[in-house]
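Owing to the predicted nature of the structure, the values given are computational and were not obtained by experimental measurement. Throughout, numbering of the chain's residues begins at 1 and tracks the sequence.
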Amino acid sequence: MNTLTRLAIVPAFLLLASCAVATEGPAPSEGATDQEHDLDAPSTATTPVVSDDDLNGLWRTTVAGQLAWEPTVLESWPAVGIRWTNGAAVSALTRSADQLTAAPATSFDILAGSWSVYDDKLTGTVDGKTVTLTRDTRNKSTLTLTLPGDRTYRSWLVQDLAPAAQRDRESFTTVSAYKVKGFLTSTELYKSGSLQWKYMKGDTWSERSQNLLSIADAIDGIKITPRRLTKEKKFTDAIKANLKDESLMGLATSTLSMYFSTGAGRAVRIPIGDDSMIYFITDRPSRAERIGLVAMKTPTHGPLASTFGRQLLDLGAMAPTDDTVYTRTMMEMLVKTDGARAKQLSGVARSALTDWFAVMAIEDYRGVAFGWPTLSWGYNMTNVQLYGLVVRALARPGAVDATGKPVIGQVLVGSQLRPGDPSYADVLNNGNDMQEYADMATLKKLATAYLREKRPAQVAAVESAFANVIPKSELPYKATQDIFHFITTQLYDAKGRTANLTGASATAAIDAVTVLLDTLRQDSLAFESYVVSKGYAKSNEPAPKSTGY
């Protein structure tokens, strides 16, 4: 299993001797997946107790009387056990009743707060030094991650994004109703009335909207973290008072907590270009692979947890001049975590790219962080991008289909080759999580067979570029039959060998995949003839397309 950070069973707190001593500072589908929303079961304990979930957090650390300004981080969920991080040092902890231990010579007593989790405490010793951890309730600034451009996406996910997500959902923020309302009213779900219609009581749009916004007023001034918001009584009471149907309480609380905490200043912000922003929102580790969602602000929409259909419609609608840049930028983001070239794309292409990367990243994060490294949701998102680029390679500029619309691509529908766009994949999936259906797989295999027969040098270049990642002997069968599965398999290696793509090998991988798809577009007519020669009938009836959002 890939881990979020490298484990070193070395007492982290010994690093604090060199730290400066500090003084206390001021203290519709809602997402792209059909994810399950749930709430933590209420505690039945009669005396204060610190749950494993509430071990999660940022903790102020005092070693032998010295207080460090930077907090240590505790993580606690089944896939990682319990571990603390201080600087570069990470240590695993074992819990027995209300005691945490680690080798060598580390022991903590867990002391539940007398009035809330805010005053929980851990006290003990590390190598003979007295150590005390108190929960860090200082307000934290919004956390922004820029794409570094110096490592593979998978390395960045493990080294940067996953730790940032943990820090963000454990960071305290004092809620400003004004800021929450400003963000909420900018979202597409609010502007369309979706949030109001789905959850809020009221006879008119105005009444439902006012009831929704009144929830922000109810929590104005409270100090909270994203993980704890669903347990905040003022928040849940306000939702219940304005909810149209009590059976929606769990779903509404889970969904609104993510939007409201983002409006308050949380969510990891990831800018793409100059006009697109990813809000990477995570809430409770107890939800494991169902954790969080992403919302994206792009040139074609305000903050929106985009659906697969919407993203693929934008991929289909981008200009022909975007194809090469889109392919190269996508590969640069996967191989070098470099999104600088996104500025060269049209607005609709940049929107498609941002939505793909954001949704792909949280889908992939769910598997990597929560003990399911082979979870293929992120993989599937990239695989369908490559499918969409193959579909676009069969565009017929100037031609129209039977309904008079431009032929921006072609797809296989059973035994027919028909005008269509990448969103046909969403039609096959019926709006659910993206899987590869036979029509999709067959088109990609035909493209692979054509390229191997007519353009073997370009295929060989791709295979050579990934020679230091997954060896041929370990490739799954589909990656030997489909060059696009080969590419995706290499980029999502569960053993972490994608990190071998550095320097010249990284450039070679980006160049080879870009050239491969450029070649397929240049050979569009020959590729079409090849498909027809394999027994597929050419039709002018358009394939179904997604309605998106």
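- Within a 6.0 Å sphere centred on OH of Tyr118, heavy atoms belonging to other residues, nucleotides or ligands number more than 12.
- A donor-acceptor pair under 3.5 Å is absent between the side-chain atoms of Ser351 and the main chain of Val348, judged by distance alone.
- Asn242 places a side-chain N or O within donor-acceptor distance of the main-chain N or O of Ala238, the cut-off being under 3.5 Å.
- With rounding to the nearest 0.5 Å, the separation of CE in Met434 from OG1 in Thr307 is 9.0 Å.
- Shortest non-hydrogen contact noted between Pro422 and Gly316 is CD-CA, 3.6 Å.
- Looking at heavy atoms from C-beta onward, Thr94 lies out of side-chain contact with Ile82 at the 4.5 angstrom threshold.
- With respect to the salt-bridge test (charged N to carboxylate O, under 4.0 angstrom), the residues Asp274 and Lys343 qualify.
- Remark: side-chain polar atoms of Asp275 are not paired, donor with acceptor, to backbone N or O of Pro299 under 3.5 angstrom.
- Pairing each heavy atom of Gly57 with each of Arg135, the nearest pair is CA-NH1, 4.3 Å.
- Cation-pi contact between Lys336 and Trp156: absent, since separation from the ring centre below 6.0 Å together with deviation from the ring axis within 45° is not met.
- In the model, Gln311 has no side-chain atom that pairs as donor or acceptor with a side-chain atom of Ser306 under 3.5 Å.
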Between Lys181 and Asp217, does a salt bridge (charged side-chain N to carboxylate O under 4.0 Å, His left out) hold up when you go through it step by step?
CA-CA 9 Å; Lys181 290 178 183 180; Asp217 292 323; 2.8 Å; yes
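- Here the options are Gln166, Glu75, Arg227, Arg169, the test is side chain to side chain donor-acceptor pair (under 3.5 Å), and the partner is Asn56; only Gln166 passes.
- Residues Val80 and Ala369 share a closest heavy-atom pair of CG1-O, 4.3 Å.
- Checked for salt-bridge contact, Arg154 and Asp364 meet the test: a charged N lies under 4.0 Å from a carboxylate O.
- A donor-acceptor pair under 3.5 Å is formed between the side chain of Glu207 and the backbone N or O of Asp203.
- Between the CD1 atom in Ile278 and the OG1 atom in Thr144 there is a gap of 12.0 Å [rounded to 0.5 Å].
- The salt bridge (charged side-chain N to carboxylate O under 4.0 Å, His left out) test applied to Lys297 returns no partner, not counting sequence neighbours.
- Contact check for Leu304 versus Thr187: no side-chain heavy atoms found under the 4.5 Å cut-off.
- Across all non-hydrogen atoms, the minimal contact from Ala543 to Tyr424 is CB-CD1, 4.3 Å.
- Using a 4.5 Å heavy-atom threshold, the side chains of Glu170 and Val73 count as separate.
- With sequence neighbours excluded, the residues forming a side-chain contact (heavy atoms from CB on, under 4.5 Å) with Thr262 are Phe183, Ala267, Arg269, Tyr279, Ile281, listed by chain and number.
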Run the numbers on Val180 and Tyr259 for side chain to side chain contact (heavy atoms under 4.5 Å, CB included), then give the verdict.
CA-CA 8 Å; Val180 171; Tyr259 282 95; over 6 Å; no
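- Side-chain atoms of Thr142 come within 3.5 Å of backbone N or O of Gly265 as a donor-acceptor pair.
- At distances below 3.5 Å, not a single donor-acceptor pair connects side-chain atoms of Thr488 with backbone N or O atoms of Tyr379.
- When all heavy atoms of Phe308 and Asn432 are compared, the closest pair comes out as CD1-O, 3.5 Å.
- With values rounded to the nearest 0.5 angstrom, Ile270 atom CD1 is found 7.0 Å from Leu147 atom CG.
- Checking Arg266 against Thr173 by side-chain atom types alone, a donor-acceptor pair falls below 3.5 Å.
- Environment of NZ in Lys234: sparse, with no more than 12 heavy atoms of neighbouring residues, nucleotides or ligands closer than 6.0 Å.
- Aromatic ring orientation, Phe357 versus Tyr153: perpendicular (interplanar angle above 60°, classes split at 30° and 60°).
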Walk me through it: do Leu213 and Thr185 pass the test side chain to side chain contact (heavy atoms under 4.5 Å, CB included)?
CA-CA 9 Å; Leu213 297 178; Thr185 56; 4.1 Å; yes
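- Under the 3.5 Å distance criterion, with hydrogens and angles disregarded, no donor-acceptor pair is assigned to the side chains of Asp53 and Ser51.
- Formation of a donor-acceptor pair under 3.5 Å by the Thr253 side chain with backbone atoms of Gly250 is not found in this model.
- Atoms OG1 and CZ, from Thr225 and Phe172 in turn, are 5.5 Å apart once rounded to the nearest 0.5 Å.
- Using bins of under 30°, 30° to 60° and over 60° for the plane-to-plane angle, the ring pair Trp377/Trp372 lands in the tilted bin.
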Salt bridge (charged side-chain N to carboxylate O under 4.0 Å, His left out) evaluation trace for Arg167 with Glu70:
CA-CA 12 Å; Arg167 293 180 73 95; Glu70 282 298 316; 3.7 Å; yes
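- Looking at Ser423, its side chain does come within 3.5 Å of a backbone N or O of Ser546 through a donor-acceptor pair.
- Of the possible polar contacts, one joining the Thr152 side chain to the Ser155 backbone as a donor-acceptor pair under 3.5 Å is found.
- Nearest heavy atoms, Phe370 versus Ala79: C-CB, 3.3 Å.
- Checked by atom type, the side-chain pair Thr382/Trp356 shows a donor-acceptor distance below 3.5 Å.
- In this structure, CH2 in Trp59 is found 10.5 Å from CG in Asp136, a value given to the nearest 0.5 Å.
- Between Arg366 and Glu363 there is a salt bridge, with a side-chain nitrogen of the basic residue lying less than 4.0 Å from a carboxylate oxygen of the acidic one.
- Val50 is not listed as a side-chain neighbour of Val117, based on a closest heavy-atom distance of 4.5 Å or more.
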Please step through side chain to side chain contact (heavy atoms under 4.5 Å, CB included) for the pair Tyr387 and Leu312, ending with a clear verdict.
CA-CA 10 Å; Tyr387 165 76; Leu312 292 173; over 6 Å; no
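- In this structure, Leu189 and Lys198 have side chains that are not in contact, with every pair of non-hydrogen atoms separated by 4.5 Å or more.
- At most 12 heavy atoms of other shown residues, nucleotides or ligands fall within 6.0 angstrom of atom NZ in Lys179.
- For the pair Arg138 and Trp69, the cation-pi criterion (under 6.0 Å, within 45° of the ring axis) is fulfilled.
- For the atom pair CG (Leu251) and OG (Ser247), the distance works out to 9.5 Å, reported to the nearest 0.5 Å.
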Between Asp109 and Leu122, does the side chain to side chain contact (heavy atoms under 4.5 Å, CB included) criterion hold? Intermediate values first, please.
CA-CA 6 Å; Asp109 291 324; Leu122 306 179; over 6 Å; no
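- With a 4.5 Å cut-off on side-chain heavy atoms, Val158 and Val368 count as touching.
- A side-chain donor-acceptor contact under 3.5 Å links Asn211 to the backbone of Lys201.
- With no hydrogens or angles considered, no side-chain donor-acceptor pair links Thr123 and Thr132 at under 3.5 Å.
- Taking the charged nitrogens against the carboxylate oxygens, Asp160 and Arg151 do have a contact shorter than 4.0 Å, which makes a salt bridge.
- Heavy atoms from other residues, nucleotides or ligands lying under 6.0 Å from NZ of Lys140 number more than 12.
- The pair Arg228-Asp54 meets the salt-bridge criterion, with a side-chain N (NZ, NE, NH1 or NH2) lying under 4.0 Å from an Asp/Glu carboxylate O.
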